Amino acid sequence: TTPPKCVDCRQYLDDPDLKFFQGDPDDALEEPEMLTDERLSIFDANEDGFESYEDLPQHKVTSFSVYDKRGHLCPFDTGLIERNIELYFSGAVKPIYDDNPCLDGGVRAKKLGPINAWWITGFDGGEKALIGFTTGG
């Protein structure tokens, strides 16, 4: 008989290498609260453009984990997102201009997503490669 697989991430449930997301810290914020946290704002409330920018907000996330709704840690580059499997991520969210990978100054966020798309940028000119996630939030 074939060992049972997770209906979402398709990993074998009896695989000793199957890892579970260990959970979020108590101070982690959900996506709506995280997006409005003043530590992530790139605008001063008195500046022009504060209420009028049209682009989706962009932030950096460090020390993140990607997982399915059952809590299995998952790869995000194997077609799961493209097959509309709901994957989420948690980590420390920082302002887009903050290049420091440490957690200091970040907003701990939980269950961001589901991830609608992922992408890679930054291969030209010796820049660091960055992985991006797009969510509906």
Side-chain angles (χ1 to χ4, degrees):
T1 62
T2 305
K5 286 185 175 183
C6 174
V7 296
D8 289 321
C9 68
R10 308 301 298 158
Q11 295 181 81
Y12 288 107
L13 295 175
D14 64 351
D15 186 341
D17 292 328
L18 178 64
K19 304 280 189 260
F20 286 86
F21 178 59
Q22 295 301 304
D24 296 295
D26 291 338
D27 62 345
L29 302 177
E30 294 189 9
E31 196 162 5
E33 292 80 22
M34 177 275 298
L35 288 171
T36 57
D37 191 289
E38 64 184 23
R39 291 173 285 181
L40 300 178
S41 178
I42 60 173
F43 296 109
D44 183 314
N46 298 320
E47 282 185 53
D48 289 339
F50 180 70
E51 298 291 336
S52 64
Y53 65 94
E54 296 177 13
D55 293 332
L56 293 173
Q58 292 187 353
H59 301 93
K60 287 193 176 172
V61 181
T62 189
S63 299
F64 67 93
S65 298
V66 175
Y67 50 93
D68 68 9
K69 61 186 171 191
R70 289 169 173 72
H72 302 135
L73 291 178
C74 302
F76 55 85
D77 63 347
T78 59
L80 294 171
I81 295 167
E82 293 77 5
R83 290 195 309 271
N84 294 320
I85 302 299
E86 290 185 358
L87 297 184
Y88 299 89
F89 63 105
S90 292
V93 181
K94 301 182 88 170
I96 192 70
Y97 55 81
D98 189 340
D99 288 330
N100 189 339
C102 76
L103 301 177
D104 297 340
V107 177
R108 294 186 189 266
K110 61 184 174 184
K111 202 172 182 186
L112 303 173
I115 301 170
N116 293 335
W118 70 276
W119 39 272
I120 299 176
T121 187
F123 283 115
D124 55 324
E127 294 180 44
K128 295 177 184 174
L130 298 175
I131 299 168
F133 296 134
T134 302
T135 67

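What you see is a predicted model, and the numbers here were worked out from it, not measured in a lab. No hydrogens, no waters, no symmetry mates; every other heavy atom, side chains included, goes into these values.
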Where A92 and L103 come nearest, the two heavy atoms and their spacing: CB-CD2, 3.5 Å

Value rounded to 0.5 Å, distance of CD1 in I81 from SG in C74: 9.5 Å

Steps toward side-chain contact (heavy atoms from CB on, under 4.5 Å) verdict (V66, F133): CA-CA 11 Å; V66 175; F133 296 134; 3.8 Å; yes

Verify same cluster id: L112, I85 (apolar side-chain graph, 4.5 Å): yes

N/O donor-acceptor pair under 3.5 Å between K94 side chain and N100 backbone: yes

Check: F76 main-chain N/O paired with W118 side-chain donor or acceptor under 3.5 Å: yes

Same apolar cluster (I L V M F W Y, side chains within < 4.5 Å links), Y88/I115: no

Within 6.0 Å of CD in E82, more than 12 heavy atoms from elsewhere: yes

OH on Y67 to CD on E86, rounded to 0.5 Å: 12.0 Å

Sidechain-backbone polar pair: S90 side chain, K111 backbone, donor-acceptor under 3.5 Å: yes

Cluster overlap M34 with F64, hydrophobic side-chain contacts below 4.5 Å: yes

Main-chain N/O of E31 paired to E33 side chain as donor or acceptor, under 3.5 Å: no

Atom pair CG (D27) and CZ (R108), whose distance is rounded to the nearest 0.5 Å: 6.0 Å

Under 3.5 Å donor-acceptor, D68 side chain and H72 backbone: yes

salt_bridge(R39, D37) N-O dist < 4.0 Å: yes

Same apolar cluster: F20 and L13, side chain cutoff 4.5 Å: yes

Closest approach of P75 to L87 (non-hydrogen atoms, all atoms of both residues): O-CD1, 4.0 Å

I120 CD1 to D77 CG distance, which is reported to the nearest 0.5 Å: 7.5 Å

Between CD on residue E30 and CG on residue D24, distance to nearest 0.5 Å: 9.5 Å

Worked check of side-chain contact (heavy atoms from CB on, under 4.5 Å) between D98 and H59: CA-CA 9 Å; D98 189 340; H59 301 93; over 6 Å; no

Test item: R70 and V7 side chains (from C-beta on) under 4.5 Å apart, heavy atoms: yes

Any donor-acceptor N/O pair, Q11 side chain to L73 backbone, under 3.5 Å: yes

Worked check of side-chain contact (heavy atoms from CB on, under 4.5 Å) between L35 and L40: CA-CA 7 Å; L35 288 171; L40 300 178; over 6 Å; no

Side-chain donor/acceptor of T62 to backbone N/O of P101, under 3.5 Å: yes

Straight-line distance of K69 NZ to C6 SG, nearest 0.5 Å: 9.0 Å

Residues I131, W119; criterion side-chain contact (heavy atoms from CB on, under 4.5 Å); working and verdict: CA-CA 6 Å; I131 299 168; W119 39 272; over 6 Å; no

Distance-only donor-acceptor check, side chains Y12 and T2, under 3.5 Å: no

